[in-house]
Student: 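Let me give you the structure first, and then I'll get to my questions.
None of these values were measured; they are calculated from a predicted model.
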Amino acid sequence: MSALSLPLLFAMIGGGWAYLYRPERRGALLFTLVLFHLLGAWGYRQEPSPELLLLLAPLALSVFAMLLHSLLHVKDTKSRS
C-alpha cells in the first residue's frame, strides 16, 4: 500500500463533496485536485503499483467530469444573463 493512497482517497471523496456543496470555490478546488493527481502520478512514476493506479484512474475520471461540468455550467450561466 502506497503512502499516497489515503491522501488520494481523501481528495476524491472530499473533492466530490466540496464540488457539490461549495460552488463558489470550484475553481480553486479543481486546481487543487489536479495538483493531487499530479502528485499521485509522480508517486506512481517513482514506485508503480496496481493499488495506486486503481486510485489514480477514478480520480482522473472524476476531475475530468468536474472540469467538464464546470465548463458547461459557466457557459450556461453566461448565456442566461
Side-chain angles (χ1 to χ4, degrees):
M1 194 89 176
S2 173
L4 292 173
S5 298
L6 287 177
L8 289 175
L9 190 58
F10 173 77
M12 195 174 350
I13 294 169
W17 179 86
Y19 186 83
L20 292 174
Y21 295 107
R22 306 276 188 204
E24 69 278 358
R25 303 198 59 188
R26 283 182 178 164
L29 171 74
L30 288 171
F31 180 68
T32 304
L33 288 175
V34 167
L35 290 178
F36 263 105
H37 194 267
L38 288 174
L39 177 68
W42 176 79
Y44 183 76
R45 174 73 174 104
Q46 296 299 317
E47 185 179 329
S49 69
E51 296 89 12
L52 189 55
L53 186 61
L54 286 174
L55 280 174
L56 284 172
L59 180 62
L61 289 173
S62 63
V63 169
F64 177 72
M66 289 179 208
L67 282 168
L68 187 61
H69 178 264
S70 178
L71 289 172
L72 293 175
H73 181 67
V74 169
K75 192 175 180 180
D76 281 345
T77 56
K78 283 186 178 182
S79 65
R80 288 183 190 163
S81 36

Student: Report the distance from atom CG of Leu54 to atom CG of Leu8, rounding to the nearest 0.5 Å.
Tutor: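 Between atom CG of Leu54 and atom CG of Leu8 there are 12.0 Å.
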Student: Quick one: do Leu38 and Leu53 end up in the same hydrophobic cluster if we chain Ile, Leu, Val, Met, Phe, Trp and Tyr together by side-chain heavy atoms under 4.5 Å apart?
Tutor: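 Cluster IDs for Leu38 and Leu53 match.
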Student: Look up atom CG in Leu68 and atom CE in Met66, then write down how far apart they are to the nearest 0.5 Å.
Tutor: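 Leu68 CG to Met66 CE: 12.0 Å, rounded to 0.5 Å.
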Student: Please enumerate all residues that pass side-chain contact (heavy atoms from CB on, under 4.5 Å) together with Leu39, with sequence neighbours excluded.
Tutor: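 If we apply the side-chain contact (heavy atoms from CB on, under 4.5 Å) test to Leu39, skipping adjacent residues, the hits are Leu4, Trp42.
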Student: Locate the shortest heavy-atom distance separating Ala11 from Phe36; write the atom from each residue and the value.
Tutor: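 Nearest pair, atom of Ala11 first, then Phe36: CB-CG, 3.8 Å.
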Student: Can you hop from Leu20 to Trp17 via hydrophobic side chains spaced under 4.5 Å?
Tutor: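 Yes, it is one cluster - the side chains of Leu20 and Trp17 are joined through contacts under 4.5 Å.
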Student: Just how far is it from atom OH of Tyr19 to atom CG of Leu67, taken to the nearest 0.5 Å?
Tutor: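 Answer rounded to 0.5 Å: 8.0 Å.
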Student: What is the ring orientation for His69 with His73, classed by angle as parallel under 30°, tilted 30 to 60°, or perpendicular over 60°?
Tutor: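 Aromatic pair His69/His73 classed parallel.
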Student: How about Arg26 and Glu24: do any of their side-chain heavy atoms sit closer than 4.5 Å?
Tutor: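 The answer is no, as the side chains (C-beta and beyond) never meet within the 4.5 Å cut-off.
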Student: One pair to check against side-chain contact (heavy atoms from CB on, under 4.5 Å): Leu55 and Leu59. What are the steps and the verdict?
Tutor: CA-CA 6 Å; Leu55 280 174; Leu59 180 62; over 6 Å; no
Student: Does Phe10 have any side-chain contact (heavy atoms from CB on, under 4.5 Å) partners at least two apart in sequence or in another chain, and if so, which?
Tutor: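 With sequence neighbours excluded, Phe10 shows a side-chain contact (heavy atoms from CB on, under 4.5 Å) to no residue whatsoever.
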Student: Tell me, do Leu52 and Glu47 make a side-chain contact under 4.5 Å, heavy atoms counted?
Tutor: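 Result no, sub-4.5 Å side-chain heavy-atom pair not found.
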Student: Would you say Phe31 ends up clustered with Val63 if hydrophobic residues are merged whenever their side chains have heavy atoms under 4.5 Å apart, either directly or through other cluster members?
Tutor: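 Yes.
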